[in-house]
Amino acid sequence: VRRGKWIYSVTALVLCAAMLGGCQGKQAHVLWRSAAEETTAAPAETAQAPTQVQERSDDGLEYAIFPMTYLNITQTSHEGTHLCNWAIDLAGADTGIDEFYAPFTLRIVRLQEGYNLVWAQSVNRVHLASGALDYVTLLLEHSDDISSLRVGQVIRQGDVFYSEGTAGNADGNHVHCEFAIGPYVDEGSYHAEDDRVAINNGTPANEILFLTESTIRAKDGDGGFTWQTLPDTTEHIIRNGWHCTGEGHTLQEVQTVSEPTCTACGFRRYTCAVCGLTVTELLAARGHAKVELSRTEPDGDRNGIVCYGCRRCSAKWLETLWSKTPECAFDDVAADDPWRSYIADVAARGLMHGVSDTSFSPEGYLTRVQLLAILRRLSGNTSQYTCDYSDVGSDDPNRSLIGWATENGLAAATSEDKFTPNVAVTRENAISMVLRFTALTGGDLSPAETSDSASFAVSAGLFGAEDNLHCALTRREGAKLLSVLMTLTELHQ
Ligand SMILES: [Zn+2]
Ligand SMILES: [Zn+2]
Ligand SMILES: [Zn+2]
């Protein structure tokens, strides 16, 4: 990644893979807080308008900012080659190759050479021009060089990571970009009615991005959109975040839109009396009211299991009781990482190895073929199989493995005649592979529910009901999945 001209303040974003799917209830997204602690009721009549005295603080979440110096849309959405999508072509100053910086801190989730496509997703929720607070996914095309980008790479807001180009026979240097509200789902894109690739859940760019005071607006370059502008320069916003008066917004409550539940965040929308922006405040999920339902103590080398339930809702989930504390030798797995024991467990079992002696790359992804290889080793099956996919050649070393997985129903083609073996496995596909593997080998995963991927994900304590199972499975999540598989299987032996 080339370093842009911006200077960064590190807003210490804690990048926790589990946060991809929903807020975890740990972080209070405080936009405005009364100086007096916690009023329980909302005495609307007597409350002062929150203009003075009150302590105001920012929620620390980024505002999605326009990712180029020039706003110059040369082909807007729903015209020409964008007839069936919300794409815009950004051509910058038209004086060479303009740079494209991250509109918010994002993670690269997929790359495709040729057109040099990049799919990326914000690592956290971001404030959108529509007033919403949500994840954003984006799709870019035409940069001449994406060799410095890697899947899993995190790019901070303001870092230059893409630029105008003509890769894929583009007509003049530009960046073709598409934005979507929500996390990266289902391989990122689909074939629209005109058969062009379009991002899933595409959204008009002006509902996502804010221009800033320093955005230079080319004549007739606004794409026919009405853009919102943050009253500060891009450089200053990247360095300091957007804080309205410097202390935060002066919020006037519009309405309570949604109350939080055990697992889902609620939110309130306000208008700021100073800058006029619509601001969304997330209300953290309440978390479950945990009660212990049953317990199987560890026995010798065999791990135990404790089953918890919630007093408020019907949720039930399992936690491992370790027979011994597994030693974790990886420098990149923090001592308080909630996945640490699972990572140590699968390493000790020889199921997953570090990417080196000292690092595990917990935020990296597990590919489809990597997970299948682990399951195949566990199965003990060494027979030769074959398969018929256009992207698995006759000399592909994984051909027999993929044939075994296909024949036994563990995995299938991802599109038409392709298996995409080296693509990150989604959480849902990973769980379904494990469930089918267990059925194949006659294993028993009770007391976890095994009727479908989502039930298993929640009941086995892998993911919360709010987590999106279409997200790619990280290596730390894969470690937990495999560790839980082993613990549950061994319980019945
Ligand atoms: Zn385009
Ligand atoms: Zn404001
Ligand atoms: Zn609950």
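Numbering of ligands and ligand atoms starts at 1, following listing order. Just the heavy atoms: all of them, side chains too, but no hydrogens, waters or symmetry mates, feed the values below.
Protein N, O or S atom count below 2.8 Å of the Zn ion (ligand 2): the structure gives 4.
A side-chain donor-acceptor contact under 3.5 Å links Glu164 to the backbone of Asp98. Side chain of Asn116 to main chain of Glu113: no donor-acceptor pair is present (N/O by atom type, distance under 3.5 Å, no hydrogens or angles). Put simply, the side chain of Asn72 never gets that close to the backbone of Tyr70: no donor and acceptor are under 3.5 Å apart.
Thr74 approaches Glu79 most closely through the heavy-atom pair O-OE2, 4.4 Å.
Side-chain contact annotation: His243 with His249, donor-acceptor N/O pair under 3.5 Å absent. Side chains of Gln121 and Tyr135: no donor on one and acceptor on the other come within 3.5 Å. Looking at Ser214 and Thr233, their side chains never bring a donor and an acceptor atom within 3.5 Å of each other.
Salt bridge present: Glu363 and Arg107 bring a charged side-chain N and a carboxylate O closer than 4.0 Å. Salt-bridge annotation for Arg286 and Glu259: absent, with no side-chain N of the basic residue lying under 4.0 Å from a carboxylate O of the acidic one.
At the Zn ion (ligand 3), the angle from SG in Cys262 to SG in Cys313 is 110° when rounded to 10°.
Nearest N/O/S atom of His288 relative to the Zn ion (ligand 3): this is ND1.
Listing protein N, O or S atoms at distances below 2.8 Å from the Zn ion (ligand 1), with waters left out, gives His82 NE2, Asp89 OD1, His176 ND1.
A 6.0 Å sphere centred on CG of Asp171 holds no more than 12 heavy atoms belonging to other residues, nucleotides or ligands.
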